[in-house]
Amino acid sequence: MKPEVLQLNAILIPSINEQLNALYTMRRLFEQEDKDSYIREFGRNIQGVITGGHTGISNALMDQLPSLKIVAVNGVGTDAVDLNYARARGIPVTATIGALTEDVADLAIGLLIATCRGICSGDRFVRDGQWPVKPQPSAIPLARRFSGMRVGIVGMGRVGRAIATRAAAFGCPIRYTDLHAMDDLPYTFVAGLKELASQSDALILAAAADKAEGIVNAEILQALGKDGFLINIARGRLVNEPDLVQALAAGRIAGAGLDVFVDEPNVPPALLKMDNVALQAHRASATWETRTAMGEMVLASIAQALAGERPTASLTT
Ligand code: DGY
């Protein structure tokens with residue numbers, strides 16, 4: 001009999017699904033209407049769980065899976081899994097660390113350019129047939145240059161570093177904040193977030209959200225200033241969203257590029273009407289290349305755990 005694996009989110013790469021189907025009896029919870037009774041029926045035999053970084057798994061669900069041998073996060077963020085709880089139960093929690101880095105960094109730069117150059121609002125202007133109606137150049141406000149912008153990065157892990165490399169190639173001076181300065185980096189370390197914001201034209205959030213909820217609040221946005229842009233490709237909860245909406249509405253910052261939100265898939269309605277905001281549906285890792293690499297890592301981790309080995313990507317065992 002094939003081992004049973006519970007899948008909490010869809011995987012969009014057919015070859016990964018084919019391999020999962022070939023190796024395991026897949027229990028796809030996300031397809032079920034009545035999830036509680038599905039878990040009651042099948043939970044006892046589940047040996048592996050596949051979940052997304054944003055979805056994670058609750059302790060209550062882990063408790064309903066007495067045969068659980070691995071939680072494989074198909075993502076890099078583990079803030080939605082109680083790692084200490086899993087550790088105490090001896091359950092390896094793995095993540096696809098390293099697989100997403102380049103794509104997430106690409107989207108951060110893409111969102112910044114989209115925002116400061118008004119690419120989304122310009123697209124809407126052309127698409128809505130406004131150009132022939134208002135052919136004078138003044139119909140669209142002048143944009144802001146990205147090349148050479150002072151970029152401040154919050155969180156200098158893999159993604160933060162990849163963003164820095166890209167921004168540096170555009171001639172941007174880079175400052176960053178993290179728990180401590182990093183000797184191997186040629187960029188300027190700034191200890192305080194407020195100080196970093198006040199020295200940046202663009203503040204890019206690339207930090208883990210575990211202990212950093214709401215760190216970007218009205219005070220930080222005020223320090224970023226009316227010419228400053230905020231980019232978030234990490235987690236929505238790093239930002240105090242009502243403060244951000246107010247700052248944008250009052251022109252206290254120049255714009256924002258956001259891939260993540262506090263209550264996904266719900267986006268604060270006020271943001272939808274703002275031309276100086278570029279929005280994405282939490283898609284920083286959503287390319288064929290990255291999702292394939294992530295799926296391969298998930299497969300490898302589950303195979304290791306179910307063979308009784310410690311998964312190489314385990315963060316808890
Ligand atoms: C991640 O991998 O953490 C992504 O943000 C998806 O949740």
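Side-chain atoms of Glu213 do not come within 3.5 Å of backbone N or O of Ala209 as any donor-acceptor pair. With Ser314 contributing its side chain and Pro311 its backbone, the two residues share no donor-acceptor pair below 3.5 Å. Under the 3.5 Å distance criterion, the side-chain polar atoms of Lys2 are matched with a main-chain donor or acceptor of Asn21. Distance alone, capped at 3.5 Å, is enough to place a donor-acceptor pair between the Glu264 side chain and the Phe261 backbone. Of the possible donor and acceptor atoms, one in the side chain of Thr96 sits under 3.5 Å from a partner among the backbone N and O of Gly75. Of the possible polar contacts, one joining the Thr316 side chain to the Ile91 backbone as a donor-acceptor pair under 3.5 Å is found. Between the side chain of Glu241 and the backbone N or O of Val262 there is at least one donor-acceptor pair closer than 3.5 Å. Looking only at distances, a side-chain donor or acceptor of Thr115 sits under 3.5 Å from a matching main-chain atom of Leu111. At distances below 3.5 Å, at least one donor-acceptor pair connects side-chain atoms of Ser58 with backbone N or O atoms of Leu61. Asp259 places no side-chain N or O within donor-acceptor distance of the main-chain N or O of Ile233, the cut-off being under 3.5 Å.
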### Task
Output, in order, the C-alpha distance, side-chain angles, deciding distance and verdict of side chain to side chain donor-acceptor pair (under 3.5 Å) for Thr290 and Asp103.
CA-CA 7 Å; Thr290 285; Asp103 276 353; 2.5 Å; yes
### Query
What do the steps show when you test Leu203 against Phe229 for side chain to side chain contact (heavy atoms under 4.5 Å, CB included), and what is the final call?
CA-CA 6 Å; Leu203 196 63; Phe229 296 90; over 6 Å; no
### Query
Given Leu230 and Val216, is the side chain to side chain contact (heavy atoms under 4.5 Å, CB included) satisfied, shown in steps?
CA-CA 9 Å; Leu230 179 75; Val216 177; 4.2 Å; yes
### Task
Could you walk me through whether Val154 and Ile215 pass the side chain to side chain contact (heavy atoms under 4.5 Å, CB included) test, one step at a time?
CA-CA 10 Å; Val154 181; Ile215 54 169; 4.3 Å; yes
### Message
Let's go through Arg161 and Asp184 carefully: what are the C-alpha distance in whole Å and the side-chain angles of both, what is the deciding distance for salt bridge (Lys or Arg N to Asp or Glu O under 4.0 Å) to 0.1 Å, and is it a yes or a no?
### Response
CA-CA 11 Å; Arg161 286 168 181 245; Asp184 60 326; 2.7 Å; yes
### Task
Please test Ile204 against Tyr176 for side chain to side chain contact (heavy atoms under 4.5 Å, CB included), starting from the C-alpha separation and ending with a verdict.
CA-CA 9 Å; Ile204 305 184; Tyr176 70 97; over 6 Å; no
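The hydrophobic clustering, which links ILVMFWY residues whose side-chain heavy atoms are closer than 4.5 Å, places Met149 and Tyr187 together. Each of Val5 and Phe42 belongs to its own hydrophobic cluster when Ile, Leu, Val, Met, Phe, Trp and Tyr are linked at side-chain heavy-atom distances under 4.5 angstrom. Ile57 and Tyr38 fall within the same hydrophobic cluster, defined by Ile, Leu, Val, Met, Phe, Trp and Tyr side-chain heavy atoms under 4.5 Å apart, directly or through other members. Tracing side-chain contacts under 4.5 Å through hydrophobic residues (I, L, V, M, F, W, Y), one never reaches Ile46 starting from Ile70; they form parts of separate clusters. Under the 4.5 Å side-chain heavy-atom criterion for grouping Ile, Leu, Val, Met, Phe, Trp and Tyr, Leu238 is connected to Val245 within one hydrophobic cluster.
Atoms CG and CG, on Leu248 and Asp275 in that order, are 12.0 Å from each other to the nearest 0.5 Å. Here the CD1-CD distance, from Ile220 to Glu195, works out to 10.5 Å after rounding to the nearest 0.5 Å. Once rounded to the nearest 0.5 Å, the distance linking CD of Glu102 with OG1 of Thr287 reads 10.5 Å. A distance of 9.0 Å separates CE of Met62 from CG of Leu65, quoted to the nearest 0.5 Å. The CG atom of Leu224 sits 7.0 Å away from atom OG of Ser200, with the distance rounded to the nearest 0.5 Å. In this structure, Leu8 CG and Phe30 CZ are separated by 9.0 Å, a value rounded to the nearest 0.5 Å.
In this structure the side chain of Arg310 never reaches within 4.5 angstrom of the side chain of Pro92, judged on heavy atoms. Looking at heavy atoms from C-beta onward, Ile302 lies out of side-chain contact with Lys69 at the 4.5 angstrom threshold. The shortest side-chain heavy-atom distance between Leu20 and Leu23 does not fall under the 4.5 Å cut-off. Contact of the Arg117 side chain with the Arg144 side chain is not registered, since no non-hydrogen atoms from C-beta on lie closer than 4.5 Å. Side-chain contact between Phe146 and Cys172 is present, with at least one heavy-atom pair separated by less than 4.5 Å. Contact annotation: the side chain of Met26 approaches that of Ile50 to within less than 4.5 Å [non-hydrogen atoms, C-beta and beyond]. For the pair Ile113 and Ile119, the minimum side-chain heavy-atom distance is below 4.5 Å. Using a 4.5 Å cut-off on side-chain heavy atoms (C-beta onward), Asn17 and Gln7 make contact.
For CD of Gln136, the number of neighbouring non-hydrogen atoms (other residues, nucleotides, ligands) closer than 6.0 Å is greater than 12. Counting heavy-atom neighbours within 6.0 Å of Lys35 NZ, excluding the residue itself, gives a total above 12. Within a 6.0 Å sphere centred on CZ of Arg283, heavy atoms belonging to other residues, nucleotides or ligands number 12 at most. Around atom CG of Leu272, more than 12 heavy atoms belonging to other residues, nucleotides or ligands sit under 6.0 Å away.
In plain terms, the two heavy atoms of Ala164 and Ile174 that are nearest each other are O-CD1, 3.8 Å. In terms of heavy-atom proximity, Ala114 sits nearest to Ala278 at CB-CB, 4.2 Å. A pairwise comparison of heavy atoms in Leu221 and Ile253 identifies O-CG2, 3.3 Å as the closest pair. Of all non-hydrogen atoms in Val73 and Gly52, the two that sit nearest each other are CG1-C, 3.9 Å. Taking every heavy atom of both residues into account, Val260 and Arg235 meet most closely at CG2-C, 3.5 Å. Residues Lys194 and Ala223 approach most closely at O-CB, 3.7 Å, considering heavy atoms.
Between Glu4 and the options Gln47, Arg27, Arg44, a side-chain hydrogen bond (donor to acceptor under 3.5 Å, both in side chains) holds for only Arg27. When each of Leu112, Leu205, Ile153 is checked for a side-chain contact (heavy atoms from CB on, under 4.5 Å) with Ile231, only Leu112 meets the rule.
Look at Arg127 and Asp123 and you find a salt bridge, because one of the NZ, NE, NH1 or NH2 atoms lies within 4.0 Å of a carboxylate O, short of that distance.
Ser285 and Arg291 are linked by a side-chain donor-acceptor pair at a separation below 3.5 angstrom, with hydrogens and angles left out of the test. Checking Asn45 against Ser67 by side-chain atom types alone, no donor-acceptor pair falls below 3.5 Å. In this structure, a donor-acceptor pair under 3.5 Å is present between the side chains of Asn59 and Asp82.
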